[in-house]
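Being a predicted model, the structure only gives us computed values, none of them experimental. For reference, positions follow the sequence shown, starting with 1.
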Amino acid sequence: MQICYQFQLSRAIHHSPFTMLYFIAIVTPEEINQQVLEWKHYMLQQFGCRVALKSPAHITLIPPFNMPTTLHHELEEGILEFTQEQSSFPIYLKDFAAFKPRVIYVHVQPNTHLSDLQARLEAFLLNTGFPIKKEDRPYHPHVTIANRDLQKEDFPLAWQYFQQRSYEVAFTANAVCLLRHNGQAWEVANAFPLNKR
């Protein structure tokens, strides 16, 4: 069923010189975040990887984008309208995978609910005029452990460590989060429940 959204982005406030970095994600429950944090600290201690420590454990829906801060409230209103028409669903994490030779992550089991949510959210934000870019690459959900600052020469040893381990957990995706960069790290600016009845 096609959902007709009423939200339309104002054109009157696009000229702010102040911008911030944002992204939109499903943030994992705290017990999963703590486990992922342990692995991030292992990567810091063994290989000097710091970048992934700057955000909570999450599954990205919309990758980082620059936006005038004057649009922050409108973005929150838009996401709220969107999430009110979405339902919660289960997500299953199992073991580890990699985008060789830079990224190691917790694998997200294939999930049509998640893929559909990402596609609908991207289309909604594009159609309402927010400054995001349409992704050309296929959507590949994951929970990052180490990324840009993992050196190529360190990858084989780091990957060997995670290949030898198993991990399996499930949780309910019941909210979409807006995260913003505060100059030091990513923080959750707001969470929007997936509460369609």
Trace of the side-chain hydrogen bond (donor to acceptor under 3.5 Å, both in side chains) decision for E38 with Q34: CA-CA 6 Å; E38 286 185 24; Q34 287 301 316; over 6 Å; no
Would you give the length of the straight line joining atom SG of C177 to atom CD of E187, rounded to the nearest 0.5 angstrom? 12.5 Å
If I compare all heavy atoms of L71 with all of F130, which pair ends up nearest, and what's the gap? O-CE2, 4.3 Å
Linked, directly or transitively: V169 and Y92 (ILVMFWY side chains, under 4.5 Å): no
Supply the atom-to-atom distance I104 CD1 to T144 OG1, rounded to the nearest 0.5 angstrom. 10.5 Å
Ignoring hydrogens, what is the shortest heavy-atom contact between D95 and R165? Give both atom names and the distance. OD1-O, 4.3 Å
Minimum-distance pair of heavy atoms, taken over all atoms of A98 and F155: CB-CZ, 3.6 Å
W39 ring center near F96 ring center (under 6.0 Å): yes
Looking at E85 and E81, would you say the former's side chain and the latter's main chain have a donor-acceptor pair under 3.5 Å? no
Establish, yes or no, whether a centroid distance under 6.0 Å links the rings of H107 and Y167. no
Any chance NE2 of H181 has more than 12 other-residue heavy atoms, nucleotides or ligands included, within less than 6.0 Å? yes
For N147 and A52 the tightest heavy-atom approach is OD1-N, 4.0 Å
Please tell me whether L150 and V51 are part of a single hydrophobic cluster in this structure, the criterion being side-chain heavy atoms less than 4.5 Å apart. no
Evaluate the criterion side-chain contact (heavy atoms from CB on, under 4.5 Å) for residue pair T19 and M67; output intermediate values, then yes/no. CA-CA 5 Å; T19 64; M67 189 184 72; over 6 Å; no
Quick one: pull up CZ in F162 and CE in M43 and give me the separation to the nearest 0.5 Å. 5.5 Å
Look up atom CG in N190 and atom CD in E76, then write down how far apart they are to the nearest 0.5 Å. 4.5 Å
Check the pair H41, Q45 against side-chain hydrogen bond (donor to acceptor under 3.5 Å, both in side chains), reporting the backbone distance first and the verdict last. CA-CA 6 Å; H41 277 293; Q45 293 157 8; 4.8 Å; no
Before you tell me yes or no, could you show the steps for Q160 and L157 under side-chain contact (heavy atoms from CB on, under 4.5 Å), namely the whole-Å CA-CA distance, both residues' side-chain angles and the distance that decides it to 0.1 Å? CA-CA 5 Å; Q160 182 182 33; L157 188 59; 3.6 Å; yes
Which atom pair, heavy atoms only, marks the closest approach of I79 to F192? CG2-CD1, 3.5 Å
Between F82 and R120, is a side-chain contact (heavy atoms from CB on, under 4.5 Å) present by the stated rule, with each step listed? CA-CA 9 Å; F82 173 83; R120 288 194 299 268; 3.8 Å; yes
Kindly work out whether a path of hydrophobic side-chain contacts (I/L/V/M/F/W/Y, heavy atoms less than 4.5 Å apart) joins L93 to V103. no
Can you tell me how far the CZ atom of F23 sits from the CD1 atom of I132, to the nearest 0.5 Å? 14.0 Å
Are there more than 12 heavy atoms of other residues, nucleotides or ligands under 6.0 Å from atom OH of Y139? yes
Check this for me: E31, atom CD, are more than 12 non-hydrogen atoms of other residues, nucleotides or ligands nearer than 6.0 Å? yes
Would you say R102 has more than 12 foreign heavy atoms packed within less than 6.0 Å of its CZ? yes
Sub-3.5 Å donor-acceptor pair from the side chain of H142 to the main-chain atoms of H140, do we have one? yes
Stepwise side-chain contact (heavy atoms from CB on, under 4.5 Å) check, H113 with L117: CA-CA 6 Å; H113 294 290; L117 177 70; over 6 Å; no
If the test is side-chain contact (heavy atoms from CB on, under 4.5 Å), which one of I26, I32, V36, N33 qualifies with V143? V36
Is there a side-chain contact between C49 and L44, using heavy atoms and a 4.5 Å cut-off? no
Do Y42 and L53 sit in one hydrophobic cluster, given that two such residues count as connected whenever their side-chain heavy atoms are within less than 4.5 Å of each other, even indirectly? no
Are L125 and L75 close enough that some pair of their side-chain heavy atoms sits under 4.5 Å apart? yes
Please work out which of the three classes, parallel, tilted or perpendicular, describes the rings of F99 and Y105, given edges at 30° and 60°. tilted
With distance as the sole criterion, is a donor-acceptor pair present between the side chains of H72 and Y22 under 3.5 Å? yes
Distance (rounded to the nearest 0.5 Å) between L194 CG and N174 CG: 7.0 Å
Indicate the atoms forming the closest heavy-atom contact of W159 with K100, along with that distance. NE1-CE, 4.0 Å
Identify whether F171 and I24 are in the same connected component of the hydrophobic contact network (ILVMFWY, side-chain heavy atoms under 4.5 Å). yes
Please output the side-chain donor-acceptor pairs of residues 54-63 that fall under 3.5 Å, not counting sequence neighbours, one pair per line with the distance.
from	atom 1	to	atom 2	distance (Å)
H58	ND1	P56	O	2.7
H58	NE2	T60	OG1	3.3

